[in-house]
**Q** 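Dumping the structure here so I can ask a few things about it.
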Amino acid sequence: MEDTCQRLRVSIGYPEHQRRHRGPDYNHIIYLKNPKNHGPLIQQEMKALKMKALIYSITFVFLLTTSAMAKRNTPEKVSAIQTSEAVFSVPHFAKDDCPQNGGFIEAHHPKTKQFLWRIRVYKTDYNPALEKDVQDVFITSLSFDKVHNLLIMADEKSRVFVLNLTTKKVTQIH
């Protein structure tokens, strides 16, 4: 019985000669003479295969999560508010002398569309060790209190701010 062979199916990926010609063949057959003496060899092969599969899995998950973490969706457009004195809008991305993305209110003349003023509602402190775009905080809603002449806005962190249009003073209320 020493001359008999044992067939062992193992999964080792793409053999070199098959990479160029056809798809993967995961069922390779290894013929072992005297399989009783090759037990440690088989265990070592299987351990190497499991390690290879683990490394591929970890690499795949790492690449998937890092690409997802570095990106964020474009902020939703906030509707402008028009009064008889101005059109108030929320620019999401920095213009001219703005040091940050988000957190600004702009006013334009309702008829000529001429720029009147820009006020920073809140300051975003950026951590230089992280990507800047994932740290941006944008205004998500804007409303007008006609009775008190106030603009009320909320941001992505659920903070609520009030801009007194008479004094141009910003107050955080929540």
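These numbers were taken from a predicted model, which means no experiment stands behind them.
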**Q** Check whether any side-chain N or O of Q100 sits under 3.5 Å from a backbone N or O of D136 as a donor-acceptor pair, and report yes or no.
**A** no

**Q** Measuring from T124:OG1 to K157:NZ, what's the distance to the nearest 0.5 Å?
**A** 7.0 Å

**Q** Is I119 reachable from F88 through a run of hydrophobic residues whose side-chain heavy atoms are each under 4.5 Å from the next?
**A** yes

**Q** Working to the nearest 0.5 angstrom, can you tell me the gap between Y122 OH and M153 CE?
**A** 10.0 Å

**Q** Checking D155 side chain against R159 main chain: does a donor-acceptor pair fall under 3.5 Å?
**A** yes

**Q** Between F161 and V137, is there a shared hydrophobic cluster once you connect ILVMFWY residues whose side-chain heavy atoms come closer than 4.5 Å?
**A** yes

**Q** Let me confirm one number: the NE2-OG1 distance from H108 to T112, rounded to the nearest 0.5 Å.
**A** 9.5 Å

**Q** Is it the case that over 12 heavy atoms from other parts of the model lie below 6.0 angstrom from the CD atom of E76?
**A** no

**Q** For the pair Q172 (side chain) and H174 (backbone), establish whether a donor and an acceptor sit closer than 3.5 Å, ignoring hydrogens and angles.
**A**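 Pair found, side chain donor or acceptor close to backbone of H174.
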
**Q** Check whether any side-chain N or O of E156 sits under 3.5 Å from a backbone N or O of T140 as a donor-acceptor pair, and report yes or no.
**A**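 No, the answer is negative, given that no donor and acceptor are paired below the 3.5 Å cut-off.
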
**Q** Do F93 and F138 make the cut of ring centroids closer than 6.0 angstrom?
**A** yes

**Q** Is there a continuous path of hydrophobic side-chain contacts, each under 4.5 Å between heavy atoms, that joins I81 to V162?
**A**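 They do not share one cluster, since no chain of ILVMFWY contacts under 4.5 Å joins I81 to V162.
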
**Q** Measuring from atom OG of S89 to atom CD1 of I105, what distance do you get when rounded to the nearest 0.5 angstrom?
**A** 7.5 Å

**Q** Considering non-hydrogen atoms only, spot the tightest contact between H109 and K111 and give its length.
**A**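 Minimum heavy-atom contact is ND1-N, 3.1 Å.
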
**Q** With a 4.5 Å cut-off on side-chain heavy-atom distances among I, L, V, M, F, W and Y, is there a chain of contacts connecting F104 to L163?
**A** no

**Q** Are F115 and V78 joined in one hydrophobic group, where the rule is that I, L, V, M, F, W and Y side chains link up if heavy atoms are under 4.5 Å apart?
**A**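 Shared cluster, no.
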
**Q** For the side chain of H148 and the backbone of L150, is there at least one donor-acceptor N/O pair under 3.5 Å apart?
**A** no

**Q** Rounded to the nearest 0.5 Å, how far does CG of D145 lie from OG of S143?
**A**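 Interatomic distance, S143 OG to D145 CG, rounded to 0.5 Å: 8.0 Å.
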
**Q** How long is the span from the CD1 atom in I152 to the CG atom in L142, to the nearest 0.5 Å?
**A**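 Output value for this atom pair is 9.0 Å.
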
**Q** Within a radius of less than 6.0 Å around NZ of K77, do more than 12 heavy atoms belonging to other residues, nucleotides or ligands occur?
**A**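 Atom NZ in K77 is not packed in, count stays at 12 or less.
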
**Q** In the structure I gave you, are the side-chain heavy atoms of K123 and P99 within less than 4.5 Å of one another anywhere?
**A** no

**Q** For a quick test of reading the model, state the closest non-hydrogen atom pair linking P110 to Q82 and the distance between them.
**A** CB-NE2, 3.7 Å

